[in-house]
There are 2 protein chains.
Amino acid sequence: MNVEFDRPKRVRLVDIAEKVGVSRRAVSAVLLGTGGNRVTVGEQKAKEIQLVAKSMGYQPNLAARQLVGKRSHTFGLLVASAGDPLRSFLIQHLDEEAVAHGNRTLIGNTVIAPDRFEKTVQLFTNSGVDGVLCAVHSWLPGDRADLLGQHPCTVFYEDPGTPNACFVTVDRRAAIRKATSFLIEKGRERIGLALNVKSRKSQKDRLIGYKEALSQHGHKFTPELVFHASPKHKNAYASHDVDSLKWSFPEEVIDDLIEKLIIGQSADAIIAHDDYWAATLIKRLHRRGVRVPDDVAVVGYLNHYLADFTDPAITTIDLNHLSAATEMVSMLEKMIRGEELPADQRQVLIQPQLIERESA
Amino acid sequence: MNVEFDRPKRVRLVDIAEKVGVSRRAVSAVLLGTGGNRVTVGEQKAKEIQLVAKSMGYQPNLAARQLVGKRSHTFGLLVASAGDPLRSFLIQHLDEEAVAHGNRTLIGNTVIAPDRFEKTVQLFTNSGVDGVLCAVHSWLPGDRADLLGQHPCTVFYEDPGTPNACFVTVDRRAAIRKATSFLIEKGRERIGLALNVKSRKSQKDRLIGYKEALSQHGHKFTPELVFHASPKHKNAYASHDVDSLKWSFPEEVIDDLIEKLIIGQSADAIIAHDDYWAATLIKRLHRRGVRVPDDVAVVGYLNHYLADFTDPAITTIDLNHLSAATEMVSMLEKMIRGEELPADQRQVLIQPQLIERESA
DNA sequence: CTGAAAGCGCTTACAG
DNA sequence: CTGAAAGCGCTTACAG
């Protein structure tokens, strides 16, 4: 059971100090920026210290710095899963932004087990992360209040529903406004809106955007043209099966959608819940001999790379995950540095963009 | 709830020791398993310590343990990008396995800049990771020797080409053998093999598997039925554009492939380089009025969830990333614990599996 | 089993 | 600018 663990001996601060012939404090001040402005080192000495440090390959010991109360420069990143097709690029950009600010990212997949969210938060606490980025879908389980309790410096992607939380989210109203206006300008008359289960707040925002665009163009709102998945639909939950981590096919929902909106209401365009719904919709429409976009135009939501591989390629709303990541990290950095964030800066709205391909 | 400012001071080992009235060493032995077998604590006391620790919410300070030479229980995970469609599920499983063994995962995206691989390795060193998992494609840049120099405990996905390295890889020969046999048994006569640029070793393995299956079934090998992308093809590199991190469409390669194998050689089946090639192939064949699978059967490679969303859905080879992740982490744990790995255990081969859908 | 001490690599308060 | 010292939370070698 005795586990020995040899690490090659690393160069220490004191080694450099001895070599250059200065105090450890001077080295620390030059190399690590400690001491505030109480420590001043001459330019000559500073340069020499830099040189020697480089030649000796000095790498500061993070654990030691952390122990004396310095930042760990580590962020915890909570994700449903790294393979989450809806968020994997957001994850990538979050890590990139974190690194750009001199941090590293501790990733935590949370959908594998029911209490995994909480366990991961605990792990982050043990590791002494400076702050947490939470990219877990807001409708997935996990104790957000506990997270905020352990890590006041947390930024969410999407409103977690906890009061006063900092989060970044896409402007869903603008997203659907753009999609709807685009379709109207393309001459579509009966535009269907296909949404996931009604209970999610996000779905309400989309509906508002839809109505706004209609009224802007002098179109009448027809409630029958709005479709909602119901929890009893198999795979209704955004085609993402939480239990098995498997990606699954929202076929049942889509067939119901086709019956109601296209057969029942003669819709000539559909704004789909996401690109996966759009892909499946295109596939199922073809099976029935309905042509896309000739008979029915389809617009997706997300702009996953999948959108390029379907036939026809999907015209969709890009959610701009890069900007979201930039904003999230910049917000988190501010919080960690202890800057006061006024209430109106605690929630950032990202502007989405319509990407025109072939399906509409 | 007031989570704004004051982070409650964390409970320390000594706090528990004082409360229970025992030595720090006893607490450390019970809670953290230190002291080897030189420290013995009575069952009564041990239980009491556990209870008090739990009631006080004790969480050991990782930085402190690390500083005295203990494992950090942190793995570095090098990836091309978290959004890498070819590897995102591997990444997810690697993190899950790491956590299952009591570790955490520091993720590092490496494709953003030319020297990013090396910088990330450096970051891992600073963080004092116990070992590194490298899931970066072997054909992407990055100094593997430097990585191994800084982190002798490293396990790769795919052979990095450095002597004696530990790695896990899928049995590519078996993969293509299975695909080829499957197609032969389905009655296909002229099976084309579409591969990426010839220079990659991985492509040679696939070719061998293809020949093996042909000879097994008494079929003749026709060199003209093997297609190789050439570096001058746009997007030849596995449809993964390193520079822009954008996913792109291997259209040019696919059109060339169609000309050579299907028009030129009357192939009635194609084993595609990956699911993305397969998806594009299906799309481009449809444009020419060729039906899949009726006229030409298509088999992919990877089993990405994309395979379900194309029309027809792609019959493909599942690379079994879950097993790969399990093996990688178990290997890494052994190395960290200092167990000697004999040469024949330093390379693990994963068995792939054919998943039948609609395209073949 | 115990206490008292040393040490990991760093930062900081203190006295010169 | 400097040195010498204390301390972060832990582990271990040492003496009882």
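Convention: sequence-line order gives letters A, B, ...; per-chain numbering from 1. For the numbers below, each heavy atom of this structure counts, side chains included, while hydrogens, waters and symmetry mates do not.
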- Query: Do A:R87 and A:H137 meet the criterion of a side-chain donor-acceptor pair at a distance under 3.5 Å?
  - Reply: yes
- For B:K119, side chain to side chain donor-acceptor pair (under 3.5 Å) partners two or more places apart: B:D115
- Message: Work out how far the P atom of C:dG9 is from that of D:dT2, and round it to whole angstrom.
- Response: 22 Å
- Message: Dot-bracket, 5' to 3', for DNA chain C please: Watson-Crick or G-U pairs under 3.5 Å, [ ] where pairs cross earlier ones, | where the partner sits on another strand, dots elsewhere.
- Response: |||.||||||||.|||
- Nearest heavy-atom approach of B:L78 to B:L147 is CD1-CD2, 3.7 Å
- Query: Partners of A:D159 by salt bridge (Lys or Arg N to Asp or Glu O under 4.0 Å), sequence neighbours excluded?
  - Reply: none
- Query: Do the non-hydrogen side-chain atoms of A:V27 and A:V22 ever get within less than 4.5 Å of each other?
  - Reply: yes
- Message: I'd like to know if B:E18 and B:R12 make a salt bridge, using a cut-off of under 4.0 Å between side-chain N and carboxylate O.
- Response: no
- Rounded to the nearest angstrom, tell me the gap between atom CZ in A:R71 and atom P in C:dT11. 15 Å
- Below 4.0 angstrom from OP1 or OP2 of C:dC10, is there any side-chain N or O of A:S28? no
- Query: Quick one: side chain to side chain donor-acceptor pair (under 3.5 Å) partners of A:R24, sequence neighbours excluded?
  - Reply: none
- Residues forming a side chain to side chain donor-acceptor pair (under 3.5 Å) with B:T125, sequence neighbours excluded: B:Q150, B:H151
- Could you check how far CG of A:D15 sits from C1' of C:dC10, rounded to whole Å? 13 Å
Do any N or O atoms of the protein come closer than 3.5 Å to N or O atoms of nucleotides 3-9 of chain C, and which pairs are they?
from	atom 1	to	atom 2	distance (Å)
C:dG9	N2	A:A64	O	3.4

